[in-house]
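All remarks here apply to the structure that follows.
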Number of protein chains: 2
Amino acid sequence: MTSKARRADRREQALSQETIVNAAIRLLDEAGEGGLTFRALAERLSTGAGAIYWHVANKDALLVAATDRVISGAIADSARAAAASETIRAVAIGVFDAIDAHPWVGAQLARAQPPSPMLKIFERIGRAVERLGVSYAGQFSAVTTLVNYILGVGSQNAANAVHAKTHWSQPNRREFLSAMAGAWAALDADEYAFTRTMAAPLREHDDRAHFLAGIELIVAGIQHSA
Amino acid sequence: MTSKARRADRREQALSQETIVNAAIRLLDEAGEGGLTFRALAERLSTGAGAIYWHVANKDALLVAATDRVISGAIADSARAAAASETIRAVAIGVFDAIDAHPWVGAQLARAQPPSPMLKIFERIGRAVERLGVSYAGQFSAVTTLVNYILGVGSQNAANAVHAKTHWSQPNRREFLSAMAGAWAALDADEYAFTRTMAAPLREHDDRAHFLAGIELIVAGIQHSA
DNA sequence: ACCTGAACACCGTTCAAGT
DNA sequence: ACCTGAACACCGTTCAAGT
(Lines give C-alpha, C1' and ligand atoms only; values in the text may rest on other atoms or scores of the structure.)
Protein backbone atom coordinates (compact mmCIF):
# COMPACT_ATOMS: atom_id res chain seq x y z
CA MET A 1 0.00 0.00 0.00
CA THR A 2 1.50 3.29 -1.06
CA SER A 3 1.57 6.25 1.28
CA LYS A 4 -0.81 8.06 -1.05
CA ALA A 5 -3.34 5.24 -0.73
CA ARG A 6 -2.96 5.31 3.03
CA ARG A 7 -3.72 9.03 3.04
CA ALA A 8 -6.66 8.53 0.70
CA ASP A 9 -7.90 6.02 3.25
CA ARG A 10 -8.10 8.54 6.02
CA ARG A 11 -10.26 10.89 3.95
CA GLU A 12 -13.15 9.91 1.71
CA GLN A 13 -11.72 11.51 -1.44
CA ALA A 14 -8.32 12.45 -2.79
CA LEU A 15 -7.34 16.06 -2.14
CA SER A 16 -7.83 18.25 -5.21
CA GLN A 17 -9.09 21.67 -6.24
CA GLU A 18 -12.50 20.13 -6.73
CA THR A 19 -12.70 18.38 -3.36
CA ILE A 20 -11.50 21.50 -1.59
CA VAL A 21 -13.98 23.79 -3.34
CA ASN A 22 -16.81 21.37 -2.60
CA ALA A 23 -15.93 21.24 1.07
CA ALA A 24 -15.65 25.03 1.12
CA ILE A 25 -19.14 25.41 -0.34
CA ARG A 26 -20.56 23.03 2.25
CA LEU A 27 -18.81 24.96 5.02
CA LEU A 28 -20.07 28.31 3.70
CA ASP A 29 -23.62 27.00 3.45
CA GLU A 30 -23.60 25.63 6.96
CA ALA A 31 -21.76 28.34 8.84
CA GLY A 32 -21.80 31.40 6.58
CA GLU A 33 -18.94 33.58 5.46
CA GLY A 34 -17.26 33.43 8.86
CA GLY A 35 -17.42 29.65 8.86
CA LEU A 36 -14.89 29.22 6.08
CA THR A 37 -11.55 28.78 7.78
CA PHE A 38 -8.46 27.01 6.59
CA ARG A 39 -8.36 25.13 9.87
CA ALA A 40 -12.00 24.06 9.68
CA LEU A 41 -11.54 23.14 6.04
CA ALA A 42 -8.40 21.14 6.83
CA GLU A 43 -10.13 19.24 9.61
CA ARG A 44 -13.05 18.38 7.34
CA LEU A 45 -10.64 17.12 4.71
CA SER A 46 -8.55 15.24 7.29
CA THR A 47 -5.40 17.11 6.42
CA GLY A 48 -3.24 20.00 7.54
CA ALA A 49 -4.08 23.62 6.84
CA GLY A 50 -0.98 24.04 4.72
CA ALA A 51 -1.92 21.21 2.35
CA ILE A 52 -4.75 23.28 0.94
CA TYR A 53 -2.26 25.90 -0.23
CA TRP A 54 -0.75 23.42 -2.64
CA HIS A 55 -4.05 23.35 -4.56
CA VAL A 56 -5.36 26.87 -3.95
CA ALA A 57 -3.47 30.17 -4.03
CA ASN A 58 -5.23 31.76 -1.06
CA LYS A 59 -8.57 32.33 0.61
CA ASP A 60 -9.70 34.89 -1.95
CA ALA A 61 -9.08 32.51 -4.83
CA LEU A 62 -10.98 29.82 -2.94
CA LEU A 63 -13.95 32.15 -2.49
CA VAL A 64 -13.90 33.03 -6.19
CA ALA A 65 -13.71 29.35 -7.17
CA ALA A 66 -16.61 28.48 -4.87
CA THR A 67 -18.73 31.32 -6.26
CA ASP A 68 -17.79 30.35 -9.79
CA ARG A 69 -18.89 26.76 -9.26
CA VAL A 70 -22.27 27.76 -7.83
CA ILE A 71 -22.94 30.28 -10.60
CA SER A 72 -21.74 28.02 -13.39
CA GLY A 73 -24.16 25.37 -12.20
CA ALA A 74 -26.97 27.90 -11.87
CA ILE A 75 -26.73 29.18 -15.42
CA ALA A 76 -25.67 25.91 -17.07
CA ASP A 77 -29.00 24.89 -18.58
CA SER A 78 -30.01 28.42 -19.58
CA ALA A 79 -28.28 27.65 -22.89
CA ARG A 80 -30.99 25.09 -23.68
CA ALA A 81 -33.65 27.78 -24.01
CA ALA A 82 -34.76 28.41 -27.58
CA ALA A 83 -35.84 32.05 -27.46
CA ALA A 84 -33.40 34.76 -26.39
CA SER A 85 -35.85 36.20 -23.87
CA GLU A 86 -36.19 32.69 -22.42
CA THR A 87 -32.45 32.54 -21.89
CA ILE A 88 -32.50 35.86 -20.06
CA ARG A 89 -35.29 34.65 -17.81
CA ALA A 90 -33.48 31.37 -17.16
CA VAL A 91 -30.21 33.07 -16.23
CA ALA A 92 -31.97 35.56 -13.99
CA ILE A 93 -33.99 33.00 -12.10
CA GLY A 94 -31.01 30.67 -11.93
CA VAL A 95 -28.86 33.32 -10.27
CA PHE A 96 -31.71 34.40 -8.00
CA ASP A 97 -32.30 30.87 -6.74
CA ALA A 98 -28.58 30.19 -6.40
CA ILE A 99 -28.15 33.21 -4.15
CA ASP A 100 -31.22 32.17 -2.21
CA ALA A 101 -29.70 28.74 -1.62
CA HIS A 102 -26.18 30.08 -0.95
CA PRO A 103 -26.53 33.58 0.54
CA TRP A 104 -22.75 34.11 0.75
CA VAL A 105 -22.72 34.14 -3.08
CA GLY A 106 -24.56 37.47 -3.05
CA ALA A 107 -21.73 39.35 -1.39
CA GLN A 108 -19.13 37.57 -3.51
CA LEU A 109 -20.71 38.41 -6.87
CA ALA A 110 -20.44 42.13 -6.23
CA ARG A 111 -16.74 41.73 -5.61
CA ALA A 112 -14.35 39.96 -8.01
CA GLN A 113 -13.35 40.78 -11.57
CA PRO A 114 -12.23 39.27 -14.94
CA PRO A 115 -12.55 36.35 -15.65
CA SER A 116 -14.98 36.02 -12.77
CA PRO A 117 -18.42 34.58 -12.02
CA MET A 118 -19.99 37.95 -12.74
CA LEU A 119 -18.45 38.05 -16.19
CA LYS A 120 -20.02 34.69 -17.00
CA ILE A 121 -23.43 36.13 -16.27
CA PHE A 122 -22.54 39.19 -18.34
CA GLU A 123 -21.48 37.05 -21.29
CA ARG A 124 -24.55 34.83 -21.16
CA ILE A 125 -26.97 37.74 -20.93
CA GLY A 126 -25.00 39.58 -23.60
CA ARG A 127 -25.39 36.81 -26.17
CA ALA A 128 -29.12 36.70 -25.50
CA VAL A 129 -29.43 40.46 -25.89
CA GLU A 130 -27.58 40.20 -29.20
CA ARG A 131 -30.04 37.51 -30.35
CA LEU A 132 -32.87 39.79 -29.27
CA GLY A 133 -31.90 42.05 -32.14
CA VAL A 134 -30.63 44.96 -30.09
CA SER A 135 -28.35 47.25 -32.10
CA TYR A 136 -24.65 47.26 -31.22
CA ALA A 137 -24.97 50.78 -29.84
CA GLY A 138 -27.71 49.69 -27.46
CA GLN A 139 -26.20 46.42 -26.28
CA PHE A 140 -23.91 47.72 -23.56
CA SER A 141 -26.67 49.62 -21.83
CA ALA A 142 -29.18 46.77 -22.16
CA VAL A 143 -26.81 44.17 -20.72
CA THR A 144 -25.52 46.28 -17.83
CA THR A 145 -29.08 47.20 -16.87
CA LEU A 146 -30.07 43.53 -16.70
CA VAL A 147 -26.93 42.41 -14.88
CA ASN A 148 -27.14 45.27 -12.40
CA TYR A 149 -30.73 44.40 -11.66
CA ILE A 150 -30.00 40.70 -11.17
CA LEU A 151 -27.01 41.32 -8.93
CA GLY A 152 -28.65 44.19 -7.06
CA VAL A 153 -31.79 42.33 -6.11
CA GLY A 154 -29.80 39.18 -5.49
CA SER A 155 -27.39 40.73 -3.02
CA GLN A 156 -30.18 42.57 -1.25
CA ASN A 157 -32.00 39.29 -0.76
CA ALA A 158 -28.80 37.67 0.40
CA ALA A 159 -28.18 40.45 2.92
CA ASN A 160 -31.70 40.03 4.26
CA ALA A 161 -31.26 36.28 4.53
CA VAL A 162 -27.95 36.61 6.35
CA HIS A 163 -29.37 39.24 8.68
CA ALA A 164 -32.48 37.18 9.40
CA LYS A 165 -30.42 34.09 10.19
CA THR A 166 -27.97 35.99 12.39
CA HIS A 167 -30.35 38.19 14.35
CA TRP A 168 -33.68 36.41 14.32
CA SER A 169 -32.68 32.85 13.36
CA GLN A 170 -35.48 32.67 10.81
CA PRO A 171 -34.68 29.90 8.38
CA ASN A 172 -37.13 30.36 5.52
CA ARG A 173 -38.01 33.34 3.41
CA ARG A 174 -41.62 33.87 4.42
CA GLU A 175 -40.68 33.87 8.09
CA PHE A 176 -37.84 36.33 7.77
CA LEU A 177 -39.86 38.71 5.63
CA SER A 178 -42.45 38.60 8.37
CA ALA A 179 -39.83 39.24 11.04
CA MET A 180 -38.44 42.13 9.01
CA ALA A 181 -41.92 43.56 8.60
CA GLY A 182 -42.27 43.44 12.37
CA ALA A 183 -39.03 45.36 12.74
CA TRP A 184 -40.24 47.97 10.25
CA ALA A 185 -43.53 48.42 12.09
CA ALA A 186 -41.60 49.11 15.28
CA LEU A 187 -39.51 51.92 13.79
CA ASP A 188 -39.67 55.51 15.01
CA ALA A 189 -42.99 57.03 13.92
CA ASP A 190 -41.54 60.37 12.80
CA GLU A 191 -38.21 59.42 11.35
CA TYR A 192 -39.49 56.38 9.48
CA ALA A 193 -43.07 57.41 8.78
CA PHE A 194 -43.04 56.03 5.25
CA THR A 195 -41.15 52.82 5.92
CA ARG A 196 -43.64 51.90 8.65
CA THR A 197 -46.50 52.02 6.15
CA MET A 198 -44.61 49.51 4.01
CA ALA A 199 -44.52 46.84 6.73
CA ALA A 200 -47.79 45.30 5.50
CA PRO A 201 -46.79 45.14 1.82
CA LEU A 202 -43.44 43.68 2.87
CA ARG A 203 -45.13 40.90 4.84
CA GLU A 204 -47.23 39.83 1.85
CA HIS A 205 -44.41 40.42 -0.60
CA ASP A 206 -43.36 37.60 -2.94
CA ASP A 207 -39.82 38.66 -3.76
CA ARG A 208 -39.26 35.95 -6.35
CA ALA A 209 -42.37 36.94 -8.33
CA HIS A 210 -41.46 40.60 -7.96
CA PHE A 211 -37.96 39.90 -9.19
CA LEU A 212 -39.31 38.11 -12.26
CA ALA A 213 -41.77 40.92 -12.95
CA GLY A 214 -38.85 43.34 -12.95
CA ILE A 215 -37.02 41.18 -15.49
CA GLU A 216 -40.09 41.12 -17.74
CA LEU A 217 -40.33 44.88 -17.52
CA ILE A 218 -36.71 45.45 -18.48
CA VAL A 219 -36.84 42.89 -21.29
CA ALA A 220 -39.99 44.53 -22.64
CA GLY A 221 -38.27 47.91 -22.49
CA ILE A 222 -35.27 46.56 -24.35
CA GLN A 223 -37.39 44.94 -27.04
CA HIS A 224 -39.48 48.07 -27.40
CA SER A 225 -36.48 50.30 -28.02
CA ALA A 226 -34.58 47.70 -30.08
CA MET B 1 -4.24 70.06 35.44
CA THR B 2 -6.59 67.11 35.62
CA SER B 3 -5.66 63.73 34.22
CA LYS B 4 -8.38 64.13 31.61
CA ALA B 5 -6.80 67.34 30.36
CA ARG B 6 -3.42 65.66 30.25
CA ARG B 7 -4.85 62.87 28.08
CA ALA B 8 -6.63 65.38 25.86
CA ASP B 9 -3.24 67.00 25.43
CA ARG B 10 -1.67 63.93 23.97
CA ARG B 11 -4.37 63.64 21.28
CA GLU B 12 -5.88 66.48 19.30
CA GLN B 13 -9.49 65.82 20.30
CA ALA B 14 -11.30 64.16 23.19
CA LEU B 15 -12.20 60.53 22.57
CA SER B 16 -15.84 60.12 21.61
CA GLN B 17 -18.09 58.22 19.24
CA GLU B 18 -17.73 61.06 16.78
CA THR B 19 -13.93 61.28 16.90
CA ILE B 20 -13.65 57.52 16.56
CA VAL B 21 -16.02 57.32 13.59
CA ASN B 22 -14.21 60.19 11.88
CA ALA B 23 -10.85 58.50 12.30
CA ALA B 24 -12.36 55.23 11.06
CA ILE B 25 -13.65 56.90 7.90
CA ARG B 26 -10.26 58.44 7.22
CA LEU B 27 -8.59 55.07 7.73
CA LEU B 28 -11.08 53.32 5.43
CA ASP B 29 -10.60 55.93 2.72
CA GLU B 30 -6.83 55.70 2.87
CA ALA B 31 -6.29 51.98 3.28
CA GLY B 32 -9.58 50.34 2.30
CA GLU B 33 -11.65 47.82 4.19
CA GLY B 34 -8.59 45.92 5.37
CA GLY B 35 -7.04 49.10 6.73
CA LEU B 36 -9.55 49.52 9.52
CA THR B 37 -7.99 47.87 12.54
CA PHE B 38 -8.53 48.55 16.20
CA ARG B 39 -4.79 48.79 16.65
CA ALA B 40 -4.32 51.24 13.76
CA LEU B 41 -7.32 53.21 14.99
CA ALA B 42 -5.96 53.28 18.54
CA GLU B 43 -2.57 54.48 17.39
CA ARG B 44 -4.13 57.26 15.32
CA LEU B 45 -6.17 58.33 18.34
CA SER B 46 -3.17 58.03 20.69
CA THR B 47 -4.90 55.55 22.93
CA GLY B 48 -5.13 51.82 23.62
CA ALA B 49 -7.17 49.47 21.50
CA GLY B 50 -9.45 48.66 24.42
CA ALA B 51 -10.42 52.31 24.95
CA ILE B 52 -12.39 52.30 21.72
CA TYR B 53 -14.67 49.60 23.12
CA TRP B 54 -15.94 51.96 25.77
CA HIS B 55 -17.50 54.11 23.00
CA VAL B 56 -18.29 51.51 20.33
CA ALA B 57 -19.78 48.03 20.77
CA ASN B 58 -17.61 46.28 18.20
CA LYS B 59 -16.13 46.52 14.72
CA ASP B 60 -19.43 45.85 12.99
CA ALA B 61 -21.14 48.69 14.84
CA LEU B 62 -18.24 50.94 13.94
CA LEU B 63 -18.60 50.06 10.26
CA VAL B 64 -22.35 50.74 10.40
CA ALA B 65 -21.78 54.09 12.12
CA ALA B 66 -19.18 55.09 9.54
CA THR B 67 -21.47 54.14 6.66
CA ASP B 68 -24.35 55.93 8.31
CA ARG B 69 -22.38 59.14 8.64
CA VAL B 70 -21.30 59.12 5.00
CA ILE B 71 -24.81 58.36 3.73
CA SER B 72 -26.51 60.84 6.03
CA GLY B 73 -24.23 63.53 4.71
CA ALA B 74 -24.82 62.46 1.12
CA ILE B 75 -28.58 62.68 1.27
CA ALA B 76 -28.83 65.60 3.68
CA ASP B 77 -29.63 68.37 1.21
CA SER B 78 -31.90 66.24 -0.96
CA ALA B 79 -34.72 67.46 1.29
CA ARG B 80 -34.27 70.97 -0.08
CA ALA B 81 -35.52 69.94 -3.52
CA ALA B 82 -38.97 71.23 -4.37
CA ALA B 83 -40.26 68.60 -6.78
CA ALA B 84 -40.51 64.96 -5.74
CA SER B 85 -38.64 63.77 -8.82
CA GLU B 86 -35.90 66.26 -7.94
CA THR B 87 -35.55 64.66 -4.52
CA ILE B 88 -35.20 61.22 -6.08
CA ARG B 89 -32.51 62.50 -8.43
CA ALA B 90 -30.70 64.24 -5.56
CA VAL B 91 -30.70 61.16 -3.35
CA ALA B 92 -29.56 58.93 -6.20
CA ILE B 93 -26.69 61.13 -7.27
CA GLY B 94 -25.76 61.78 -3.66
CA VAL B 95 -25.42 58.09 -2.93
CA PHE B 96 -23.62 57.46 -6.21
CA ASP B 97 -21.03 60.13 -5.52
CA ALA B 98 -20.63 59.08 -1.89
CA ILE B 99 -19.81 55.52 -2.96
CA ASP B 100 -17.45 56.89 -5.57
CA ALA B 101 -15.62 58.89 -2.92
CA HIS B 102 -15.74 56.11 -0.30
CA PRO B 103 -15.74 52.77 -2.17
CA TRP B 104 -15.98 50.72 1.05
CA VAL B 105 -19.48 52.17 1.53
CA GLY B 106 -20.71 50.14 -1.45
CA ALA B 107 -20.08 46.80 0.20
CA GLN B 108 -21.45 48.05 3.52
CA LEU B 109 -24.78 49.29 2.15
CA ALA B 110 -25.70 45.85 0.86
CA ARG B 111 -25.17 44.46 4.34
CA ALA B 112 -26.75 45.91 7.50
CA GLN B 113 -30.38 46.18 8.54
CA PRO B 114 -32.93 48.31 10.53
CA PRO B 115 -32.40 51.16 11.44
CA SER B 116 -29.53 51.27 9.02
CA PRO B 117 -28.07 53.53 6.34
CA MET B 118 -30.01 51.63 3.68
CA LEU B 119 -33.29 52.27 5.46
CA LYS B 120 -32.59 56.00 5.44
CA ILE B 121 -32.32 55.89 1.67
CA PHE B 122 -35.49 53.81 1.52
CA GLU B 123 -37.39 56.29 3.68
CA ARG B 124 -36.20 59.33 1.74
CA ILE B 125 -37.05 57.79 -1.64
CA GLY B 126 -40.34 56.51 -0.24
CA ARG B 127 -41.55 59.94 0.78
CA ALA B 128 -40.70 61.28 -2.66
CA VAL B 129 -42.56 58.44 -4.36
CA GLU B 130 -45.56 59.20 -2.18
CA ARG B 131 -45.40 62.85 -3.24
CA LEU B 132 -45.18 61.69 -6.85
CA GLY B 133 -48.79 60.55 -6.49
CA VAL B 134 -48.13 56.81 -6.70
CA SER B 135 -51.02 54.78 -5.26
CA TYR B 136 -50.41 52.95 -1.99
CA ALA B 137 -50.54 49.62 -3.82
CA GLY B 138 -47.77 50.69 -6.18
CA GLN B 139 -45.47 52.35 -3.68
CA PHE B 140 -43.63 49.29 -2.41
CA SER B 141 -42.67 48.17 -5.86
CA ALA B 142 -41.67 51.65 -7.02
CA VAL B 143 -39.44 52.31 -4.03
CA THR B 144 -37.71 48.92 -4.01
CA THR B 145 -37.03 49.22 -7.73
CA LEU B 146 -35.34 52.58 -7.23
CA VAL B 147 -33.40 51.55 -4.14
CA ASN B 148 -32.26 48.31 -5.74
CA TYR B 149 -31.05 50.19 -8.77
CA ILE B 150 -29.16 52.77 -6.72
CA LEU B 151 -27.50 50.20 -4.49
CA GLY B 152 -26.87 47.74 -7.33
CA VAL B 153 -25.09 50.20 -9.59
CA GLY B 154 -23.36 51.77 -6.61
CA SER B 155 -21.85 48.55 -5.31
CA GLN B 156 -20.83 47.47 -8.79
CA ASN B 157 -18.96 50.75 -9.22
CA ALA B 158 -17.41 50.34 -5.82
CA ALA B 159 -16.25 46.81 -6.64
CA ASN B 160 -14.68 48.08 -9.85
CA ALA B 161 -12.96 50.90 -8.02
CA VAL B 162 -11.58 48.58 -5.33
CA HIS B 163 -10.42 46.11 -7.94
CA ALA B 164 -8.79 48.80 -10.06
CA LYS B 165 -6.95 50.22 -7.07
CA THR B 166 -5.80 46.80 -5.85
CA HIS B 167 -4.78 45.19 -9.12
CA TRP B 168 -3.92 48.02 -11.48
CA SER B 169 -3.44 50.93 -9.08
CA GLN B 170 -5.53 53.18 -11.28
CA PRO B 171 -6.68 56.11 -9.19
CA ASN B 172 -9.37 57.79 -11.29
CA ARG B 173 -12.45 56.50 -12.98
CA ARG B 174 -11.58 57.08 -16.61
CA GLU B 175 -8.27 55.27 -16.16
CA PHE B 176 -9.69 52.22 -14.48
CA LEU B 177 -12.50 51.89 -17.00
CA SER B 178 -9.82 51.95 -19.65
CA ALA B 179 -7.76 49.33 -17.82
CA MET B 180 -10.86 47.17 -17.41
CA ALA B 181 -11.63 47.53 -21.11
CA GLY B 182 -8.13 46.30 -21.82
CA ALA B 183 -8.72 43.25 -19.65
CA TRP B 184 -11.99 42.56 -21.47
CA ALA B 185 -10.32 42.79 -24.84
CA ALA B 186 -7.76 40.20 -23.73
CA LEU B 187 -10.38 37.60 -22.72
CA ASP B 188 -10.70 34.22 -24.41
CA ALA B 189 -12.13 34.72 -27.91
CA ASP B 190 -14.57 31.80 -27.75
CA GLU B 191 -15.70 31.82 -24.15
CA TYR B 192 -16.10 35.59 -23.92
CA ALA B 193 -16.95 36.43 -27.52
CA PHE B 194 -19.65 38.92 -26.56
CA THR B 195 -17.84 40.57 -23.66
CA ARG B 196 -14.85 41.28 -25.91
CA THR B 197 -17.04 43.29 -28.27
CA MET B 198 -18.08 45.45 -25.33
CA ALA B 199 -14.52 46.57 -24.54
CA ALA B 200 -14.84 49.64 -26.78
CA PRO B 201 -18.21 50.82 -25.38
CA LEU B 202 -16.83 50.27 -21.87
CA ARG B 203 -13.84 52.49 -22.56
CA GLU B 204 -16.02 55.38 -23.70
CA HIS B 205 -18.64 54.72 -21.08
CA ASP B 206 -19.69 57.54 -18.74
CA ASP B 207 -21.05 55.58 -15.79
CA ARG B 208 -22.35 58.59 -13.94
CA ALA B 209 -24.41 59.78 -16.92
CA HIS B 210 -25.59 56.23 -17.55
CA PHE B 211 -26.62 55.89 -13.93
CA LEU B 212 -28.63 59.10 -14.10
CA ALA B 213 -30.27 58.03 -17.36
CA GLY B 214 -31.40 54.84 -15.63
CA ILE B 215 -32.94 56.88 -12.81
CA GLU B 216 -34.80 59.04 -15.33
CA LEU B 217 -36.11 55.92 -17.06
CA ILE B 218 -37.40 54.37 -13.84
CA VAL B 219 -38.95 57.62 -12.62
CA ALA B 220 -40.66 58.06 -15.99
CA GLY B 221 -41.97 54.51 -15.76
CA ILE B 222 -43.29 55.12 -12.24
CA GLN B 223 -44.99 58.37 -13.23
CA HIS B 224 -46.48 56.77 -16.32
CA SER B 225 -48.10 53.94 -14.37
CA ALA B 226 -49.02 56.13 -11.37
C1' DA C 1 4.75 15.76 -6.30
C1' DC C 2 2.26 16.23 -2.47
C1' DC C 3 1.41 16.51 2.46
C1' DT C 4 2.29 17.71 7.55
C1' DG C 5 1.94 20.66 11.34
C1' DA C 6 4.46 23.88 13.93
C1' DA C 7 5.53 28.76 13.64
C1' DC C 8 4.81 33.72 12.38
C1' DA C 9 2.55 37.86 12.18
C1' DC C 10 -1.44 39.38 12.58
C1' DC C 11 -6.60 40.00 14.10
C1' DG C 12 -11.04 41.36 17.36
C1' DT C 13 -12.23 41.37 21.95
C1' DT C 14 -11.85 41.14 27.04
C1' DC C 15 -10.51 42.60 31.44
C1' DA C 16 -7.89 43.52 35.66
C1' DA C 17 -5.77 47.47 36.91
C1' DG C 18 -5.20 52.18 36.95
C1' DT C 19 -6.73 57.47 37.16
C1' DA D 1 -16.53 57.50 34.29
C1' DC D 2 -13.06 56.61 31.30
C1' DC D 3 -8.65 54.77 29.83
C1' DT D 4 -4.53 51.46 29.59
C1' DG D 5 -2.23 47.68 27.64
C1' DA D 6 -1.31 43.00 28.35
C1' DA D 7 -3.59 38.66 27.46
C1' DC D 8 -6.71 35.35 25.00
C1' DA D 9 -8.43 32.94 21.34
C1' DC D 10 -8.41 33.13 17.07
C1' DC D 11 -6.98 34.08 11.95
C1' DG D 12 -4.34 33.51 6.97
C1' DT D 13 -0.10 32.15 5.35
C1' DT D 14 4.61 30.16 5.17
C1' DC D 15 7.93 26.70 5.30
C1' DA D 16 11.23 23.21 6.83
C1' DA D 17 10.64 18.61 7.10
C1' DG D 18 8.70 14.51 5.75
C1' DT D 19 6.80 10.65 2.28
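If you're wondering where the values come from, they're calculated on a predicted model, not measured in any experiment. FYI, side chains are in, hydrogens and waters are out, and symmetry mates aren't considered; it's all heavy atoms of this structure. Every chain is numbered from 1 and lettered A, B, ... according to where its sequence line falls, protein lines coming before strand lines.
- Checking C:dC3, D:dC3, D:dT13 against the side-chain heavy atoms of A:A51 singles out C:dC3 as nearest.
- Protein atom CG of A:D60 is 15 Å distant from nucleotide atom C1' of D:dC11, rounded to whole Å.
- Positionally, the nearest nucleotide of DNA chain C for A:G48 lies more toward the 5' end than for the other of A:G48 and B:L36.
- Nucleotide C:dC3 forms a pair with no other nucleotide shown, judged by Watson-Crick or G-U wobble geometry with both contacts under 3.5 Å.
- Between the CD1 atom of B:I52 and the C1' atom of C:dG12 there is a distance of 11 Å, rounded to whole Å.
- Ion pairing of B:D68 with B:K120 is present here, as a side-chain N (NZ or NE/NH1/NH2) and a carboxylate O approach within less than 4.0 Å.
- Both A:R39 and A:H55 lie close to DNA chain C; mapped to their nearest nucleotides by heavy-atom distance, the more 5′-ward contact belongs to A:H55.
- For A:F38, counting side-chain heavy atoms from C-beta on, the closest listed nucleotide (C:dC11, D:dG12, C:dT13) is D:dG12.
- One can place OH of A:Y53 at 13 Å from C1' of C:dC8, the figure rounded to the nearest angstrom.
- Note on ring orientation: taking the six-membered ring where Trp is involved, the planes of A:F38 and A:Y53 are parallel (angle under 30°, cut-offs 30° and 60°).
- With rounding to whole Å, A:L27 atom CG is found 11 Å from D:dG12 atom P.
- With both pairing distances under 3.5 Å, D:dG12 is matched to C:dC8 as a Watson-Crick or G-U wobble pair.
- Here the CZ atom belonging to A:R26 is positioned 9.5 Å from the CG atom belonging to A:L41, to the nearest 0.5 angstrom.
- Regarding A:W54, its CH2 atom lies at a distance of 6 Å from the C1' atom of C:dC2, rounded to whole Å.
- A:L62 comes within contact range of no nucleotide atom at all, as no heavy-atom separation falls under 4.0 Å.
- At a threshold of 4.0 angstrom between heavy atoms, the contacts of A:L41 with the nucleic acid are absent.
- Distance, B:L63 CG to C:dT13 P: 11 Å, rounded to whole Å.
- Using the six-membered ring where Trp is involved, A:Y149 and A:F211 have ring planes that are parallel, under 30° apart on the 30 and 60° scheme.
- Taking the six-membered ring for Trp and thresholds of 30 and 60 degrees, B:H210 and B:H205 have ring planes more than 60 degrees apart, a perpendicular arrangement.
- Atom pair A:L45:CG and C:dG5:P shows a separation of 14 Å (rounding to whole Å applied).
- Atom CD in B:E43 sits about 14 Å away from atom P in C:dG12, given to the nearest Å.
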